[in-house]
Structure formats: structure tokens, C-alpha cells
Amino acid sequence: MPVPKQILSQIKAIIPPLNGSLHKGQSGRVGVLGGALDYTGAPFFASISALRIGADLSHVICSPTAAGAIKSYSPDLIVHPILREDKTSEELRSTLDSLLSRLHVLIVGPGLGREDYMISHAKLAVTIAKERGMYVVLDADALWMIGQDLALIRGYRRAVLTPNVMEFKRLSENVDIDPNIPPEERAMHVSRALGGVTVLEKGGSDIICTNTGEASKEQAQLNKIAEGESTEERVVVDVPGGLKRCGGQGDILSGTVGTIMAWGKCYETGDFGDGSIPPSRIPLLAAVAGSMVTRTASRRAFNKQGRGLVTQDMIPEIGGAFAEIFGEGEKGWGVSTPEGKL
């Protein structure tokens with residue numbers, strides 16, 4: 001089932017043009033919050049994928065125990081080791097607020113873990129992001145986190161959740177979804193139960209749903225939309241992916257989705273484009289585009305590496321995947337790729 005042409009056209013509209021008209025930062029400033037003693041690869045994969053799809057700047061907000069390793073992986077990442085175990089969230093608020101003020105999107109979850117201090121700091125970051133009207137991606141242990149406190153994200157329509165099979169099952173149970181509902185319809189029900197957050201359910205085909213109901217006055221103010229605005233939309237992305245699943249591919253997805261949401265923020269604030277696409281569509285458009293690019297990069301990497309595929313093999317394929325889907329002009333990859341356009 002091909003993605004509707006109208007959606008592809010709208011995605012291309014929020015891609016920053018490569019024509020020399022933008023300055024540093026206007027193609028997205030991305031933040032990834034995660035990375036503790038045991039987990040350094042996940043935030044790296046998310047943040048480097050953001051750069052490889054075209055973000056200008058990629059920040060990692062992590063624990064000091066993870067910072068050295070993440071810095072050693074790439075000098076292109078800006079690493080902030082501020083999530084300290086010996087600091088309360090309130091002591092961190094000013095520093096975190098200042099940092100988030102410089103970003104367009106916050107990706108929470110890659111390498112987050114479940115230690116109390118990391119979860120506390122992550123909750124604070126999501127709260128600040130909401131106060132600032134930022135776009136947010138929640139993945140991995142951030143999904144576990146909101147399962148324990150649904151009010152943290154319920155009704156915030158600028159968020160995308162990216163659960164895998166087990167995470168989606170747990171999330172469905174958290175919001176009391178009837179297990180007798182057909183599997184292909186459950187993501188729509190989860191989105192509605194969470195007040196209209198966009199759900200990207202990963203699987204053999206990715207199912208992306210936004211189901212909001214009418215926005216109350218309070219929701220309209222929170223989400224910067226018109227009172228009474230509602231959306232009910234479901235998109236299935238069945239672009240072929242690779243046949244090997246390995247840890248870390250979801251982190252690449254969160255990085256790509258987050259970057260396209262950052263582009264949407266730049267579009268929203270007038271850095272480029274005509275402003276005709278409402279901000280309420282940005283999460284769904286970013287989820288669809290991120291899914292398409294990640295699945296295509298997985299297929300390209302698998303075709304070269306086969307059974308030995310690891311997540312690092314996907315990173316060099318992101319550009320070619322983007323070119324396959326969106327072409328090579330100023331709204332595509334910008335330069336020719338060996339395989340050319342799909």
C-alpha cells in the first residue's frame with residue numbers, strides 16, 4: 001500500500017531547501033536525552049542519525065557516566081553530561097531549561113534506562129518541552145516511563161511515540177485497550193486514549209495513527225491549535241526493510257523522526273516554506289517520513305551485509321535511502337547518489 005501522494009508532497013514541503021538560503025541551525029537543532037552507565041550506543045545512534053539525515057546540530061543530554069564514551073564515538077555530537085545522580089530535578093531545572101531553549105525537538109528514551117534519577121530528570125525535560133511547545137519523540141524506556149505516569153504526555157499532540165511489539169503491548173495495557181480490538185486498529189485507539197499523541201507502531205508494516213477528538217480550550221492552548229480542531233488519520237508504511245533485526249534500529253528511527261519534526265518546527269516559525277501546512281500535521285508527517293527512510297536504509301544495509309548486519313551499517317545508508325524516496329534536488333538529498341532515485 002503506497003503512502004498517499006498528498007502526504008509525500010506535504011513531507012517534501014517541510015524539508016529545508018538546499019539552496020544556500022538558510023544559515024546554521026535552520027535545518028534543525030536536535031536534542032537526545034538518554035545515556036547512562038550501561039547504555040551509550042543508543043543515544044549515539046539516535047543523535048548521529050539526526051545528523052546523517054540532515055540536522056544541523058545534534059546534542060546528547062546524558063549522565064556523566066556515559067559522556068566519555070559518547071564523545072569518543074563522534075566529534076560531531078555536542079554532549080552535555082548534566083544528568084547527575086547527586087542533583088535533584090529542581091536543581092537541574094534552570095540548566096535544562098536553558099539548554100532546551102536552543103533546540104527544536106527533544107528525543108527522550110534512547111539509552112535512558114530505569115534508574116530513578118534518570119527517570120526523574122527525563123520527566124522534568126518532557127515537562128519543560130511541553131511548556132515550550134517543542135516537538136517530542138518518546139522511545140524505549142521513555143515509553144515505560146509514561147506508562148507509569150500517563151498524565152505526563154496525555155493530550156500533548158506534538159509528541160510521537162515509537163513502540164516496538166512488546167512496548168506497544170504494554171502501552172495498550174496501560175491505557176486499557178480492549179484486546180479483542182483487531183490488531184491493525186489498536187494504534188488508533190491508543191492514540192485516542194492518550195489524547196491525540198501520534199503513535200508509530202513498529203512491525204512488519206509500520207502503522208502511524210493520530211486520533212485526537214476535538215480540542216478543548218486548554219488543549220488548544222497547550223498544542224497551539226484552534227479550539228475544536230480534531231484529526232483522525234491512519235497511514236501504513238510497508239516500504240520493504242531489511243530481513244535482519246538488531247538492537248539499535250529503533251534508535252535510528254527516533255533520530256530520523258525527530259529531525260523531521262525539527263524541520264517542521266523551522267517551517268512553523270517561518271525559516272522556510274509558505275506556512276500552509278498546519279503544525280498539527282507535523283508529527284504524523286515526520287513519523288511517516290522517518291519510517292520510510294529507516295526501513296529503506298535497513299534494506300540497503302541488509303543487501304550488503306546480510307545476516308551480519310549491525311546497526312552501524314545502516315548509518316551510511318541514510319542518505320541513499322533519503323534520495324530513493326525524495327530525490328536529489330534542493331528538497332531531496334541535494335547531490336547525486338550512486339544508485340540514483342528510486
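Note: hydrogens, waters and symmetry copies are ignored here, and every other heavy atom, side chains too, is used. In this chain, numbering begins with 1 at the start of the sequence shown.
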Q. Just by distance, with hydrogens left out, do Ser254 and Thr162 show a side-chain donor and acceptor under 3.5 Å apart?
A. no

Q) Any side-chain heavy-atom pair from Ile15 and Phe322 closer than 4.5 angstrom? A) yes

Q: Determine, for Lys304 against Glu317, whether the closest basic-nitrogen to carboxylate-oxygen distance falls under 4.0 angstrom.
A: yes

Q) side-chain contact (heavy atoms from CB on, under 4.5 Å) with Val257: which of Thr294, Val137, Ile107? A) Val137

Q) Of all residues at least two apart in sequence or in a different chain, which pass the side-chain contact (heavy atoms from CB on, under 4.5 Å) check with Gln312? A) Phe45, Val310

Q.
For the backbone of Thr88 and the side chain of Glu91, can you confirm whether one donor and one acceptor N or O come within less than 3.5 Å of each other?
A. yes

Q. Atom CG of Leu57 and atom NZ of Lys24: how far apart are they, to the nearest 0.5 Å?
A. 6.0 Å

Q: State, yes or no, whether a side-chain contact exists between Val288 and Met292 at a heavy-atom distance under 4.5 Å.
A: yes

**Q.** Close side-chain approach of Leu171 and Trp144, heavy atoms under 4.5 Å
**A.** no

Q) Do Asn211 and His189 pass the side-chain contact (heavy atoms from CB on, under 4.5 Å) test, and can you show the C-alpha distance, the side-chain angles, and the key distance before you say yes or no? A) CA-CA 7 Å; Asn211 186 2; His189 287 266; over 6 Å; no

Q | Lys244 side-chain N/O to Gly306 backbone N/O, donor-acceptor pair under 3.5 Å | A | no

(Q) Keeping Ser291 on the side-chain end and Ala287 on the backbone end, is there a donor-acceptor pair under 3.5 Å? (A) no

Q) Taking all non-hydrogen atoms of both residues, which atom of Ala36 and which atom of Glu115 are closest, and how far apart? A) CB-OE2, 4.1 Å

Q. What class does the angle between the rings of His121 and Tyr117 fall in, given that below 30° is parallel, 30 to 60° is tilted and above 60° is perpendicular?
A. perpendicular

Q: Taking all non-hydrogen atoms of both residues into account, name the closest pair between Asp251 and Pro110 and its distance.
A: OD1-CB, 3.6 Å

Q. Any ion pair linking Glu173 and Arg170 (charged N to carboxylate O, less than 4.0 Å)?
A. no

(Q) Less than 4.5 Å apart, side chain to side chain, heavy atoms only: is that true for Ile82 and Leu99? (A) yes

Q.
Regarding Arg281 and Glu233, does a basic nitrogen lie under 4.0 Å from an acidic carboxylate oxygen?
A. yes

Q.
For Glu184, is there any backbone N or O sitting under 3.5 Å from a side-chain donor or acceptor partner on Arg234?
A. yes

Q. Side chains of Gln249 and Ser298: closer than 4.5 Å at any heavy-atom pair?
A. yes

**Q.** Worked check of side-chain contact (heavy atoms from CB on, under 4.5 Å) between Asp97 and Arg132
**A.** CA-CA 9 Å; Asp97 186 56; Arg132 291 190 162 277; 3.1 Å; yes

Q.
I need the Ile277 CD1 to Glu268 CD distance, nearest 0.5 Å.
A. 12.0 Å

(Q) Checking Val197 against Leu138 for the side-chain contact (heavy atoms from CB on, under 4.5 Å) test, could you report, in this order, the C-alpha distance in whole Å, the side-chain angles of both residues, the deciding distance, and whether it holds? (A) CA-CA 10 Å; Val197 302; Leu138 296 167; over 6 Å; no

Q) Under a 4.5 Å side-chain heavy-atom rule over Ile, Leu, Val, Met, Phe, Trp and Tyr, are Ile11 and Tyr135 clustered together? A) yes

Q) Can you name the closest pair of heavy atoms from Trp333 and Leu18 and give their distance? A) O-CD1, 3.6 Å

Q | Expected output: side-chain Ser9 to main-chain Lys5 donor-acceptor under 3.5 Å | A | no

**Q.** pair Phe326-Val293: side-chain heavy atoms closer than 4.5 Å
**A.** yes

Q: Name the orientation class of the two ring planes belonging to Tyr73 and Phe44 (parallel below 30°, tilted from 30 to 60°, perpendicular beyond 60°).
A: perpendicular

Q. Hey, quick one: are Met134 and Ile153 part of the same hydrophobic cluster, counting side-chain heavy atoms closer than 4.5 Å, chains of contacts allowed?
A. yes

Q | Residue pair Val237, Leu200: steps toward the side-chain contact (heavy atoms from CB on, under 4.5 Å) verdict | A | CA-CA 10 Å; Val237 177; Leu200 194 173; over 6 Å; no

Q. Can you name the nearest heavy-atom pair linking Ala66 to Tyr39, along with the distance?
A. CB-O, 4.3 Å

Q: Scan for salt bridge (charged side-chain N to carboxylate O under 4.0 Å, His left out) pairs involving residues 195-205, sequence neighbours excluded, and state none if there are none.
A: Asp139-Lys202

(Q) With a 4.5 Å cut-off on side-chain heavy-atom distances among I, L, V, M, F, W and Y, is there a chain of contacts connecting Ile207 to Leu143? (A) no

Q.
Donor-acceptor pair, distance only, cut-off 3.5 Å: does the side chain of Arg52 make one with the backbone of Ile318?
A. no

(Q) Could you check whether any side-chain heavy atom of Pro283 comes within less than 4.5 Å of a side-chain heavy atom of Met261, counting everything from C-beta outward? (A) yes

Q) Are Val190 and Val108 in one and the same hydrophobic cluster, where Ile, Leu, Val, Met, Phe, Trp and Tyr link if side-chain heavy atoms are under 4.5 Å apart? A) yes

**Q.** Check: Thr210/Thr198 side-chain N/O donor and acceptor closer than 3.5 Å
**A.** yes

Q) Roughly how far apart are Ile315 CD1 and Ile53 CD1, rounded to 0.5 Å? A) 12.5 Å

Q | Minimum side-chain heavy-atom gap Lys265-Val105 below 4.5 Å | A | no

Q: Determine yes or no for a side-chain-to-main-chain donor-acceptor pair under 3.5 angstrom, with Tyr156 supplying the side chain and Asn223 the backbone.
A: no

Q: List the atom of Leu103, the atom of Gly31, and the distance in Å for their closest heavy-atom pair.
A: CD1-CA, 3.7 Å

Q) Roughly how far, to the nearest 0.5 Å, is CG of Asp313 from SG of Cys246? A) 8.0 Å

Q.
How long is the straight-line distance from NE2 of His104 back to OG of Ser27, given to the nearest 0.5 Å?
A. 9.5 Å

Q | Transitive ILVMFWY side-chain link Val32 to Val136, under 4.5 Å | A | no

Q | Spatial distance of atom CG (Asp76) from atom NZ (Lys71) [nearest 0.5 Å] | A | 14.5 Å

Q. Is Asp116 atom CG crowded by more than 12 heavy atoms from other residues, nucleotides or ligands, each under 6.0 Å away?
A. no

Q) Ignoring hydrogens and geometry, is there a side-chain-to-backbone donor-acceptor pair from Lys87 to Leu92 under 3.5 Å? A) no

Q. Can you name the nearest heavy-atom pair linking Ile7 to Val3, along with the distance?
A. CG2-CG1, 3.9 Å

Q) Between the main-chain N or O of Pro179 and the side-chain N or O of Arg186, is there a donor-acceptor pair closer than 3.5 Å? A) yes

Q) Under 3.5 Å, side chain of Thr212 to main-chain N/O of Thr231, donor-acceptor pair present? A) yes

